[in-house]
Amino acid sequence: MAPGGFLVRTALVAVAVVAALLVALWLGQRRLIYLPDGAAPGPAEQVTDRAEDVWLTTSDGLRLGAWYVPPTAADRGVTVLVANGNAGNRADRAQLARALAGAGFATLLFDYRGYGGNPGSPSEEGLALDVRAARSYLVDERAVPPGRLLYLGESLGTGVVAELATEHRPAGLMLRSPFVDLATLGQRHYPFLPVRLLLWDSFPVAESVARIDAPTTVVYGTADTIVPPDHSERVAECAGGPVVRVAVPGAGHNDAELVGGAEVVGALVDLARRAVGP
């Protein structure tokens with residue numbers, strides 16, 4: 001074979017391999033973004049003996065499992081709606097719910113579709129329906145006044161609650177380890193891929209918070225390698241409402257200090273005071 005023909009064939013093979021890789025990534029991207037623990041997490045009483053197993057119904061007909069955890073200390077009369085990150089299920093947030101209960105908050109932990117034994121498959125559109133079902137449960141069935149409802153999103157969940165807040169304003173918004181948007185974050189981790197062209201789901205956190213005038217708190221770890229601190233700082237800079245930044249020194253993305261540590265609980269107590277008063 002002539003040298004030129006060999007080079008052409010080699011180039012065509014390389015192009016075909018790259019194309020096949022991009023197609024595989026495009027088709028399987030949600031398996032890379034969403035990492036659910038599909039097992040049912042067990043009864044709510046593992047959080048506290050007063051916690052309740054409850055069910056949420058989405059507008060597209062899915063039944064989602066959740067835990068309602070009342071306060072175990074002096075009741076602040078404030079409820080926290082928690083939107084999880086992209087991995088695990090609500091059992092991984094039991095520590096957070098116990099800590100919030102001990103600080104006087106009522107808390108709703110719920111699992112998205114495809115997580116925690118729930119039916120369905122996760123997507124940005126689906127998670128938006130799921131968090132609306134959670135809010136509706138609190139407002140309609142628990143009679144929580146919207147003026148005493150805080151949203152707390154962690155990582156991917158910051159995109160979920162930020163989008164919700166553009167339609168249903170909370171009393172206050174806490175974003176733990178927020179990113180500018182999914183494409184910008186993905187490009188940071190995979191600079192050699194056309195991430196923005198491939199992604200189906202966007203979660204534009206910074207764009208959403210710019211439209212929200214509620215008191216906002218941004219919490220992040222200075223050693224976070226999954227959502228780099230500059231992403232969280234950029235989100236804070238975009239906040240449309242009064243914003244407080246809480247940087248936890250030396251904390252990584254999944255370290256206990258950020259999952260439900262004193263810094264997170266203290267920041268939420270401060271947010272509640274700013275949002276609804278003592």
Side-chain angles (χ1 to χ4, degrees), residues 47-48 51 67-111 131 134 148-162 164-165 170-179 205 209 212 214-233 235-236 239 241-276 278:
V47 183
T48 72
W67 292 336
Y68 177 79
V69 185
T72 54
D75 190 348
R76 295 178 181 274
V78 175
T79 299
V80 182
L81 170 58
V82 177
N84 302 338
N86 72 322
N89 62 32
R90 64 187 181 275
D92 300 312
R93 283 79 187 179
Q95 171 191 345
L96 172 64
R98 276 192 293 270
L100 295 181
F105 295 102
T107 304
L108 182 68
L109 296 181
F110 73 100
D111 278 315
V131 77
R148 302 195 73 84
L149 178 60
L150 306 180
Y151 299 164
L152 192 168
E154 60 171 36
S155 193
L156 186 79
T158 64
V160 177
V161 294
L164 174 66
L173 179 67
M174 177 178 282
L175 304 173
R176 198 276 275 178
S177 307
F179 49 86
V205 183
V209 299
I212 302 164
T216 301
T217 298
V218 173
V219 181
Y220 63 90
T222 62
D224 194 333
T225 58
I226 296 176
V227 178
D230 65 289
H231 264 258
S232 297
E233 280 288 345
V235 170
V243 63
V244 169
R245 298 167 171 83
V246 178
V248 183
H253 193 74
N254 294 312
D255 287 353
E257 299 96 316
L258 291 182
V259 173
E263 293 89 347
V264 170
V265 176
L268 197 67
V269 169
D270 175 71
L271 176 62
R273 289 173 178 156
R274 293 163 52 214
V276 303

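Computed over heavy atoms, backbone and side chain alike; hydrogens, waters and symmetry mates excluded. Being a predicted model, the structure only gives us computed values, none of them experimental.
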Without swapping roles, check the side chain of [X] against the backbone of [Y] for a donor-acceptor pair under 3.5 Å.
X: Asn89; Y: Ala91; answer: yes
X: Ser177; Y: Tyr220; answer: no
X: Thr72; Y: Ala101; answer: yes
X: Asp224; Y: Pro229; answer: no

### Message
Using the ring pair (Phe, Tyr, Trp, His ring centres under 6.0 Å) criterion, which residues pair with Phe110? Sequence neighbours excluded.
### Response
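With neighbours one apart ignored, the set is Tyr112.
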Does any part of the side chain of [Y], heavy atoms only, come nearer than 4.5 Å to the side chain of [X], both counted from C-beta?
X: Met174; Y: Val219; value: yes
X: Leu156; Y: Phe179; value: yes
X: Leu81; Y: Leu164; value: yes
X: Arg76; Y: Val269; value: yes
X: Val218; Y: Val243; value: yes
X: Thr158; Y: Val209; value: no
X: Val161; Y: Leu152; value: no

Please report the interatomic distance [atom1]([X]) to [atom2]([Y]), rounded to the nearest 0.5 Å.
X: Arg176; Y: His253; atom1: CZ; atom2: NE2; result: 5.5 Å
X: Leu100; Y: Leu108; atom1: CG; atom2: CG; result: 12.0 Å
X: Thr107; Y: Tyr68; atom1: OG1; atom2: OH; result: 8.5 Å
X: Thr216; Y: Leu271; atom1: OG1; atom2: CG; result: 7.5 Å
X: Leu268; Y: Leu96; atom1: CG; atom2: CG; result: 8.5 Å
X: Phe105; Y: Arg148; atom1: CZ; atom2: CZ; result: 10.5 Å

Which heavy atom in [X] sits nearest to a heavy atom in [Y], and how many Å separate them?
X: Val265; Y: Gly260; result: CG2-O, 4.1 Å
X: Pro178; Y: Ser232; result: O-OG, 3.0 Å
X: Gly85; Y: Ser155; result: CA-CB, 4.4 Å
X: Pro215; Y: Ala275; result: CG-CA, 4.2 Å
X: Val259; Y: Gln95; result: CG1-OE1, 4.2 Å
X: Ala97; Y: Val69; result: CB-CG2, 4.1 Å

### Task
Please name all residues satisfying salt bridge (charged side-chain N to carboxylate O under 4.0 Å, His left out) with Glu233, sequence neighbours left out, ordered by chain then number.
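With neighbours one apart ignored, the set is Arg245.
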### Pair Arg274-Thr217, side-chain hydrogen bond (donor to acceptor under 3.5 Å, both in side chains): steps then yes or no
CA-CA 10 Å; Arg274 293 163 52 214; Thr217 298; 2.9 Å; yes
### Task
Carefully, step by step, assess Glu154 and Asn84 under the rule side-chain contact (heavy atoms from CB on, under 4.5 Å).
CA-CA 6 Å; Glu154 60 171 36; Asn84 302 338; 4.2 Å; yes
